[in-house]
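Single-structure report; data block below.
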Amino acid sequence: MKKLKIGIIGLGFIGSVHIDAINRSPFAEVAAICDTNREFADLAGKTFQIPKVYYDYHDIISDPEIQVIHNCTPNNLHFEINRLALENEKHILCEKPLGMTSEETAALLEISKAQPSLKTCVDFNYRMYPLIQEYKKRMQENELGTPRLVHGHFLQDWLLYDTDYSWRLENKVAGKTRTVGDIGSHWCDIAETLLGTRIKEVMANLVTVIPTRKKPLKQVKTFSSSADDGQQYENFTVSTEDYACVMLKMENGVQGIFYISQVSAGHKCDLNIEINTDKLSWSWSQQESDRAWLGYRDQANQTEMRNPNSFHFANQYTHLPSGHPEGFHDAILNNFNAFYQSILIPGNTDTDYATFEDGHHIMSVIDAIVASSQTKRWVTVTD
Ligand SMILES: NC(=O)c1ccc[n+]([C@@H]2O[C@H](COP(=O)([O-])OP(=O)(O)OC[C@H]3O[C@@H](n4cnc5c(N)ncnc54)[C@H](O)[C@@H]3O)[C@@H](O)[C@H]2O)c1
């Protein structure tokens with residue numbers, strides 16, 4: 001099978017992760033990269049020996065050799081690059097969130113539906129961890145009982161100080177929400193994936209804990225330390241939330257709550273989810289992603305270590321023997337491989353990965369969360 005030729009746009013934090021995953025995929029190769037930051041583009045091109053380096057996304061999208069575009073740019077560029085890619089008959093894998101608003105994502109969905117031969121994917125990579133896929137299927141087979149409650153959090157600390165800065169703080173670049181769109185979107189996606197149902201109503205409280213920050217006068221990379229003694233700053237008024245708490249109701253009657261923050265010291269990428277059924281509790285944390293916890297009332301609680309030998313359903317998403325941890329990079333690779341196989345294998349209808357349809361739905365959930373916080377009432381999600 002011939003490898004798909006991939007073009008990556010945006011070579012910051014996640015773009016570099018994409019290069020690593022594609023280099024480990026049997027289904028694809030990085031044929032071209034693009035970044036307006038020539039330094040990033042040239043360095044990545046040299047380091048990974050990528051044949052073509054572009055500095056303007058129009059050029060990589062119109063390159064006839066490229067079959068799939070990976071859009072790893074900041075959120076404000078997702079709509080335009082995705083639209084152009086589809087117009088140029090490229091399959092498209094976009095980073096989350098799919099767009100800035102649900103109007104944008106609805107338009108993208110329409111454009112993609114008009115070209116059914118082109119596959120679309122949103123990089124909701126957390127759903128592609130082996131234990132998430134395994135338990136998704138066990139849940140579908142009713143092995144865990146009937147779900148009643150879902151709850152959890154996604155906590156980070158990389159915006160703890162008022163000197164921490166990123167384009168994610170600028171609503172013109174990131175959108176009208178930050179913490180919800182950036183990390184809450186992942187939490188909602190894995191809750192829906194595990195439970196096989198959708199969030200239909202939300203009641204939310206969004207809070208800007210640090211309303212005025214100091215913006216560095218020179219560019220900083222995502223997740224970089226703010227401890228740069230030589231850095232000079234200007235005051236910057238923040239309009240998006242550092243913290244959010246969201247109550248939710250799902251289509252199958254499951255009730256839930258989650259809270260998210262980017263200002264919680266000591267929490268790095270602390271995504272946790274717990275489901276309570278009529279038989280047991282099940283919980284998983286991203287930072288210990290090779291383990292799941294099972295809680296019982298009348299027997300000893302258990303911790304299950306990821307073990308391909310005891311998987312019933314998701315063996316295609318686990319690659320190493322038990323005890324050899326699989327993590328973030330591997331979940332990304334699982335996502336890409338599932339997407340690439342749906343392009344390469346005719347009739348393959350595998351949609352374990354998130355499509356633009358899912359991306360639009362999550363954007364609609366985000367919009368409902370923002371509306372609920374503004375109006376202080378329950379809001380129904382309308383896709
Ligand atoms: N799925 C995940 O787990 C995950 C993790 C991190 C980021 N993301 C998403 O990935 C996207 C990028 O985030 P990041 O953290 O990598 O940001 P980043 O700032 O580290 O990287 C963005 C890159 O895009 C480049 N860029 C900006 N404008 C461009 C243009 N017009 N043409 C080409 N390149 C351009 C920048 O120079 C930069 O190198 C965001 O949408 C974010 O939400 C997803």
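Side-chain contact between Ile257 and Leu248: absent, with no pair of heavy atoms (C-beta onward) separated by less than 4.5 Å. For the pair Trp282 and Glu274, the minimum side-chain heavy-atom distance is 4.5 Å or more. With contacts defined as side-chain heavy-atom distances shorter than 4.5 Å, the pair Tyr135/Phe313 does not qualify. The shortest distance between side-chain heavy atoms of Ile69 and Ile61 falls below 4.5 Å. Trp158 has its side chain within reach of Ser166: a pair of non-hydrogen atoms, C-beta onward, lies under 4.5 Å apart. Inter-residue side-chain proximity for Asn301 and Leu294 is flagged as unmet; no heavy-atom pair is nearer than 4.5 Å.
At least one donor-acceptor pair under 3.5 Å links the side chain of Asp367 to the backbone N or O of Ser102. In this structure, the side chain of Thr197 does not engage the main chain of Met250 through any donor-acceptor pair within 3.5 Å. Counting only distance, with no hydrogens or angles, the side chain of His360 and the backbone of Leu109 share no donor-acceptor pair below 3.5 Å. Side-chain atoms of Arg306 do not come within 3.5 Å of backbone N or O of Ala292 as any donor-acceptor pair. No donor-acceptor pair under 3.5 Å is formed between the side chain of Asp330 and the backbone N or O of Glu326. The closest donor-acceptor contact from the side chain of Glu104 to the backbone of Gly99 lies at 3.5 Å or more, if one exists at all. Of the possible polar contacts, none joining the Asn337 side chain to the Asn334 backbone as a donor-acceptor pair under 3.5 Å is found. Looking at Asn75, its side chain does come within 3.5 Å of a backbone N or O of Ala174 through a donor-acceptor pair.
Pairs engaging residues 48-57 under the side chain to side chain donor-acceptor pair (under 3.5 Å) rule: Asp42-Tyr55, Lys52-Asp63, Lys52-Glu65, Tyr54-Asp63, Asp56-His58 [sequence neighbours left out].
Residues Phe336 and His70 bring their aromatic ring centres within 6.0 Å. With ring centers used as reference points, Tyr259 lies 6.0 Å or more from Tyr243. With ring centers used as reference points, His151 lies 6.0 Å or more from Phe258. Between Tyr126 and Trp187, a ring centre-to-centre spacing not shorter than 6.0 Å is recorded.
Donor-acceptor pairing under 3.5 Å is lacking for the side chains of His186 and Gln286. Between the side chains of Asp383 and His361, at least one donor N or O lies within less than 3.5 Å of an accepting N or O.
Within a 6.0 Å radius of CD in Glu89, other residues, nucleotides and ligands contribute 12 heavy atoms or fewer. Glu288 CD: 12 or fewer foreign heavy atoms inside a 6.0 Å radius. Sparse packing is recorded around CD of Glu39, with 12 or fewer heavy atoms of other residues, nucleotides or ligands lying under 6.0 Å away.
Of the listed residues (Lys136, Arg198, Arg127), just one forms a salt bridge (Lys or Arg N to Asp or Glu O under 4.0 Å) with Asp189, and that residue is Arg127.
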